[in-house]
*Asks:* 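I'd like to ask some things about the structure below.
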Protein chains: 2
Amino acid sequence: MAFDRIDRQILRLLQEDGRMTNVDLAERVGLTAPPCLRRVRALEEEGAIRGYHAALDPVTLGYSITVFAMVSLRSQAESDLAAFEEHVRAIPEVRECHMLNGEIDFILKIVATDLRAFQELLTSRLTAAPNVASVKTSLTIRTAKNDPGIPVAG
Amino acid sequence: MAFDRIDRQILRLLQEDGRMTNVDLAERVGLTAPPCLRRVRALEEEGAIRGYHAALDPVTLGYSITVFAMVSLRSQAESDLAAFEEHVRAIPEVRECHMLNGEIDFILKIVATDLRAFQELLTSRLTAAPNVASVKTSLTIRTAKNDPGIPVAG
DNA sequence: GTTGAAACCTCAGATCC
DNA sequence: GGATCTGAGGTTTCAAC
C-alpha cells in the first residue's frame, strides 16, 4: 500500500469535504473522472477510507455536555479489560473508549444532554459497572480544536 | 429549531453514511426526493449538519500513535489560555484541544507517525510552549470504541 | 497497468401543483 | 409533501498509451 501524491491529495480533499463530487475531485487532482473514481474505490477497499459521516453539531441537537472520564479497574486481566470495553461499547453516550498506559486504564469521551443526564449515566452505568475501581471526570469548558481525522500532506 | 422524527432519521442516516444519495435517503425516511433534499439543506443551513468528512484510517496512513496529553498552565488568565489554544491550533498533529475544569487545564488528542516523532513534538512544541507548567502524556494501547458524532434517536 | 473518451443511466436541483 | 423535467454527475465499457 504505497500512496502517491494524487492518492494523498484525494484523501486530504475527501477528509475536508466528504461529499465533493467525483468530477470536482478529479479536476482538483488533475485527472479525469474515471481514473479518479477508481482510485477512490481502491482507497475504500484497502481500508484507507473507512467511511463517510455527516458531522452533526452536538449543541444544536441538545448535547450540551462533553466529559472526559478517566477510569481505573480493579483487575487488569485481559478478560476484565475486554468486559469493560464491551460494557461501555453498549452505552451510546460513550463515544470513545481508549485503553491507556500508566496509572489510569481507560479514557472515555462522553456526551450528554445536560448535567443531570450525565450524573445519572455516571452513577448508574459507569461507576456501578463491574470491576470499576475509580472514575475521575472532567467537564469540557470549551473546545478550541476538534478536527476529526489525521494530518494528510499533499 | 424543532426536529421531527423524519429530521432525526435523516441526521442519523447521514451520520452513519455521509455519501448516501438523496433518493436512497428519501426512500429510507419515507419521503420523495425533493422534500427530503429540502430538509437536508435546511439542516445544513441551521447548522445541525456542520459538514461531511471521509474517515481515514490512521494506521493505514502511517499514524500508528495516538496520545492523550493533559496540560496545565502556569497562568489561567484568559489571554494566556487563548494564547495556548492558538499555539496548539497550529500544530497539525494536535487534533483536539479541550479546556477542562479541575486540576488540569487542557486535554489534547495527538496523533503521530511513531514514538520518535511524538517525542520530538512533545519536547520541542508542547512542553516548550509559553506558559506550560506540566504535560502528562498517556499512550493509547488500543481503542475499543471511536464513534464520531453523537447519539441520534429515530 | 493506468489513463482517457464515449455512452449510458441515475441523481440533483428547479419548477409547479 | 409530491410530480415532472432538465442538466449534471456517477459508472461502465473500451480503446490507447
Side-chain angles (χ1 to χ4, degrees), chain A residues 1-58 60-62 147-154, chain B residues 1-63 113 148-154:
Chain A
M1 282 191 204
F3 304 114
D4 64 12
R5 192 168 176 285
I6 292 179
D7 284 331
R8 285 196 301 273
Q9 280 183 313
I10 289 173
L11 292 167
R12 181 174 53 80
L13 290 166
L14 286 179
Q15 184 173 245
E16 271 172 32
D17 178 5
R19 291 210 75 146
M20 182 176 292
T21 66
N22 183 55
V23 291
D24 270 9
L25 186 62
E27 191 181 355
R28 297 268 210 113
V29 303
L31 287 179
T32 54
C36 183
L37 185 63
R38 277 195 293 273
R39 279 169 182 263
V40 173
R41 293 285 175 269
L43 291 167
E44 288 168 354
E45 277 163 28
E46 288 167 13
I49 298 175
R50 308 180 84 155
Y52 302 87
H53 305 282
L56 308 183
D57 182 52
T60 301
L61 289 156
D147 293 355
I150 55 177
V152 182
Chain B
M1 283 192 205
F3 304 114
D4 64 11
R5 192 167 176 286
I6 292 179
D7 283 332
R8 286 197 300 275
Q9 280 183 312
I10 288 173
L11 291 167
R12 182 173 52 80
L13 289 166
L14 286 180
Q15 185 173 245
E16 271 172 31
D17 178 6
R19 291 211 75 146
M20 183 176 293
T21 66
N22 182 57
V23 291
D24 270 9
L25 186 62
E27 191 182 354
R28 297 267 210 114
V29 303
L31 289 178
T32 54
C36 183
L37 185 62
R38 279 196 292 270
R39 279 171 180 262
V40 172
R41 292 286 173 269
L43 290 167
E44 288 169 354
E45 277 163 28
E46 289 166 11
I49 298 175
R50 308 180 83 155
Y52 302 88
H53 305 282
L56 308 184
D57 182 53
V59 174
T60 301
L61 289 156
Y63 283 87
T113 52
I150 55 177
V152 182

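Numbered from 1 within each chain, the chains take letters A, B, ... in sequence-line order. All values derive from a computational prediction rather than experimental measurement.
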*Asks:* Testing the basics here: between T60(B) and G47(A), what is the closest heavy-atom pair and its distance to 0.1 Å?
*Replies:*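 Minimum heavy-atom contact is OG1-O, 4.1 Å.
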
*Asks:* Could you pull out the protein-nucleic contacts involving nucleotides 14-16 of chain C (nitrogen or oxygen on both sides, under 3.5 Å)?
*Replies:*
none

*Asks:* If I take atom CG in residue D7(A) and atom P in nucleotide dT2(C), what distance separates them, rounded to the nearest angstrom?
*Replies:* 10 Å

*Asks:* If you walk 5' to 3' along DNA chain D, what is the first nucleotide with an atom under 4.0 Å of a heavy atom in chain B, and what is the last?
*Replies:* dG1(D) to dT4(D)

*Asks:* Answer with base, sugar-phosphate or nothing: what part of the nucleic acid does R41(B) contact at a heavy-atom distance below 4.0 Å?
*Replies:*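 Counting heavy atoms under 4.0 Å across all strands, the contact made by R41(B) is with sugar-phosphate only.
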
*Asks:* Do any of residues 20-33 of chain A sit with a heavy atom less than 4.0 Å from DNA chain C, and if so which?
*Replies:* L31(A), T32(A)

*Asks:* How many angstroms lie between CG in L61(B) and CD1 in I150(A), if you round to the nearest 0.5 Å?
*Replies:* 4.0 Å

*Asks:* I need the full list of side-chain hydrogen bond (donor to acceptor under 3.5 Å, both in side chains) pairs touching residues 7-30 of chain A, with sequence neighbours left out, sorted by first then second residue.
*Replies:* D7(A)-R39(A)

*Asks:* Are I10(A) and F3(A) close enough that some pair of their side-chain heavy atoms sits under 4.5 Å apart?
*Replies:*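 Result no, sub-4.5 Å side-chain heavy-atom pair not found.
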
*Asks:* Give, for atom CD1 of I49(B) and atom CG of L14(B), the distance between the pair rounded to the nearest 0.5 Å.
*Replies:*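 The CD1 atom of I49(B) sits 5.0 Å away from the CG atom of L14(B).
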
*Asks:* Could you list all the side-chain hydrogen bond (donor to acceptor under 3.5 Å, both in side chains) pairs where at least one residue sits in residues 40-52 of chain B, not counting sequence neighbours?
*Replies:*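 Listed once each, the pairs are D57(A)-R50(B), R41(B)-E44(B), E44(B)-Y52(B).
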
*Asks:* For I6(A) and dG1(C), what is the distance between atoms CD1 and P respectively, to the nearest whole Å?
*Replies:*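 Interatomic distance, CD1 of I6(A) to P of dG1(C): 18 Å.
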
*Asks:* Would you name the heavy atoms of V29(A) and C36(A) that are closest together and state the gap between them?
*Replies:* CG2-SG, 4.4 Å

*Asks:* In Å and rounded to the nearest 0.5 Å, what is the CG to CG distance from L13(A) to L25(A)?
*Replies:* 6.0 Å

*Asks:* Angle between the end axes of the helix from dG1(C)-dC17(D) to dC17(C)-dG1(D), five pairs per end, to the nearest 10 degrees?
*Replies:*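 So the angle between the two local helix axes works out to 30°.
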
